[in-house]
*Asks:* 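I have a structure here, written as structure tokens, and I will follow up with some questions on it.
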Number of protein chains: 2
Amino acid sequence: MSLSLAKQDAPMDAYRQLFDGILSQRLAPGTKLNEVELTLLFNVSRTLIRQALQRLQLEQVVEIHKNRGAFVAAPTPDLAEQILLARHTIELAVVRLACQRCKLADVQQLQHMIDLEQSAIDQGDMATALRRSGEFHLQLAIVAGNQPFVHALRGLISQTSLIITMYNHGGGNACARDEHSHLLEAVRLGDEAQGQTLMAHHLGHIAEGCDFTQSPQVANLKGAFAHLSS
Amino acid sequence: MSLSLAKQDAPMDAYRQLFDGILSQRLAPGTKLNEVELTLLFNVSRTLIRQALQRLQLEQVVEIHKNRGAFVAAPTPDLAEQILLARHTIELAVVRLACQRCKLADVQQLQHMIDLEQSAIDQGDMATALRRSGEFHLQLAIVAGNQPFVHALRGLISQTSLIITMYNHGGGNACARDEHSHLLEAVRLGDEAQGQTLMAHHLGHIAEGCDFTQSPQVANLKGAFAHLSS
DNA sequence: TTCACTTATATTGTATACAATATTATGTAC
DNA sequence: GTACATAATATTGTATACAATATAAGTGAA
């Protein structure tokens with residue numbers, strides 16, 4: 001049997017396609033997510049679409065208004081500040097745990113994720129780079145071995161991507177590679193103080209790169225999934 | 001129009017009844033949650049039952065195994081430790097924010113919640129006391145004004161209730177009243193250092209009150225909602 | 001009895017049908 | 001043309017029907 005052949009899981013697939021669409025910036029914050037359109041795009045019934053939307057809502061990536069429908073979340077500047085503060089609090093604890101528990105294999109995997117992120121940057125694909133940057137942070141939480149932190153960060157990192165999409169129009173996170181690399185080096189050495197310092201600066205840079213005075217553009221649904229048209 | 005007459009919201013009602021059933025210890029950890037039984041108990045279709053179960057799953061209060069069904073979560077000792085550590089990290093930040101932002105009305109509401117918890121203790125209703133204790137902690141996060149913290153703590157506090165149900169058979173949290181009161185006093189005075197110290201001790205006492213060597217009993221579904229039989 | 005195997009039942013997974021609500025379009029008065 | 005009311009449409013909310021899977025019951029052989 002093939003190890004690479006994942007069994008297809010319709011609910012997860014619908015969820016993941018939507019999630020990727022949002023995180024890859026094909027679906028801009030504020031975009032209306034029409035249920036029947038999504039059924040046509042993904043070839044599943046509204047039941048599974050609604051399941052995926054509810055899950056995304058509980059991850060705070062989608063907002064559902066009763067009888068009005070689902071929309072890609074669009075964090076206000078005030079909420080964005082709360083999100084970045086929450087990340088600061090949790091990720092400082094995460095990096096501390098990661099310093100204590102990180103194994104060689106973990107370091108190698110994290111390094112690989114940094115490389116992937118960098119290759120996306122090299123190709124000018126900033127949307128993919130942003131997504132992989134988030135995956136690096138999440139993997140760090142997994143290495144830290146605290147399930148609630150992983151769970152909370154999954155949502156917070158996704159929301160941060162939305163925030164960057166909305167407010168960071170300059171390419172301010174191009175410096176991320178070095179920051180992730182230095183962070184990983186501190187984790188590898190088990191230097192908790194240095195790791196926390198670097199993480200604090202790193203998250204600070206994300207906030208500094210954002211301009212909370214302008215509002216975002218909203219894309220439409222069919223265009224975002226044009227590659228699925230068969 | 002009556003202010004106290006909340007418009008009925010079937011999905012929320014089903015969710016809340018299940019949530020209360022679990023948090024009030026009528027549904028013990030590990031209990032199988034049969035969907036058709038729940039439809040009969042709550043008089044809604046499986047659609048809404050499944051919605052409620054999915055939401056509870058994402059709050060980590062219910063586990064859903066594919067094709068096997070939903071069960072009240074039963075955190076292992078290892079996970080319990082992770083949950084309490086996560087609470088420690090987040091609630092120390094929460095109490096710090098609360099010290100900065102707490103208004104007079106907030107103090108009064110928090111005091112009221114302490115009184116409600118105490119009255120439940122006085123009546124020997126420890127299940128209600130436990131639930132109200134959790135509500136106090138959650139309200140503190142609301143006062144702190146950080147939505148991600150509120151969101152994360154909602155699940156963590158519920159999970160802590162499950163942990164106490166499973167592992168804390170002594171009445172170790174009877175001391176909670178004084179601890180909550182002292183905590184509120186520090187918040188009222190805006191004494192961040194004192195607030196964090198008290199919170200750390202409070203959460204430490206929860207962990208100390210638990211014996212992670214014995215396993216819990218599992219109740220059945222009909223008995224837990226016997227009061228609904230019409 | 002006990003184990004394996006087959007069949008029947010129960011339970012969950014998904015799609016569809018219908019109901020309720022919101023949105024848009026149309027028409028009419030001013 | 002604007003504003004308002006009304007009708008037509010579109011969209012979401014909920015219940016039910018059917019399919020897929022798992023669990024339980026039954027049957028026979030060792």
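Residue numbers start from 1 in every chain, and the chains themselves are labelled A, B, ... in the order their sequence lines are given, proteins ahead of strands.
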*Asks:* Using whole Å, report how far NZ of B:Lys66 lies from P of D:dA20.
*Replies:* 13 Å

*Asks:* What integer distance in Å separates B:Asn67:CG from D:dA19:P?
*Replies:* 16 Å

*Asks:* For the pair A:His137 and A:His180, name the ring-plane relationship: parallel under 30°, tilted 30 to 60°, perpendicular over 60°.
*Replies:* perpendicular

*Asks:* Among B:Gln139, B:Arg131, B:Arg132, find the one that has a side chain to side chain donor-acceptor pair (under 3.5 Å) with B:Glu135.
*Replies:* B:Arg131

*Asks:* Within the supplied structure, the quantity of interest is the number of heavy atoms (other residues, nucleotides, ligands) at a distance under 6.0 Å from B:Glu81 CD; does it exceed 12?
*Replies:* no

*Asks:* Which whole-number value in Å describes the distance from B:His65 NE2 to C:dG13 C1'?
*Replies:* 16 Å

*Asks:* Which part of the nucleic acid, if any, lies within contact of B:Arg50, taking any heavy atom under 4.0 Å across all strands shown: a base, the sugar-phosphate backbone alone, or nothing?
*Replies:* base

*Asks:* Mapping B:Val36 and A:Ser45 onto DNA chain C by nearest heavy atom, which one lands closer to the 5' end?
*Replies:* B:Val36

*Asks:* Taking the side chain of B:Val44 as heavy atoms from C-beta outward, which of C:dT11, D:dA15, D:dT12 is closest to it?
*Replies:* D:dA15

*Asks:* Going by atom types only, do B:Tyr15 and B:Gln54 share a side-chain donor-acceptor pair under 3.5 Å?
*Replies:* no

*Asks:* Counting only side-chain nitrogens and oxygens, does A:Lys32 get under 4.0 Å of the OP1 or OP2 atom of D:dT12?
*Replies:* yes

*Asks:* Can you tell me how far apart CZ (B:Phe136) and CG (B:Leu140) are? Round to the nearest 0.5 Å.
*Replies:* 5.5 Å

*Asks:* Return the 5'-most residue of the pair A:Gly69, A:Thr47 with respect to DNA chain D, ranking by each residue's nearest nucleotide.
*Replies:* A:Gly69

*Asks:* Within this structure, what is the CD-to-P distance between B:Glu35 and C:dG13, rounded to whole angstrom?
*Replies:* 6 Å

*Asks:* Does any N or O donor sit under 3.5 Å from an N or O acceptor when you compare the side chain of A:Arg46 with the base of D:dG13?
*Replies:* yes

*Asks:* CG of A:Asn43 versus C1' of C:dT14: gap in Å, rounded?
*Replies:* 14 Å

*Asks:* Could you check how far CZ of A:Arg68 sits from C1' of D:dT11, rounded to whole Å?
*Replies:* 11 Å

*Asks:* Just the rounded figure in Å: distance from C1' of C:dG13 to CD of A:Gln51.
*Replies:* 8 Å

*Asks:* Output the rounded distance in Å from CG (B:Leu38) to P (D:dT14).
*Replies:* 17 Å

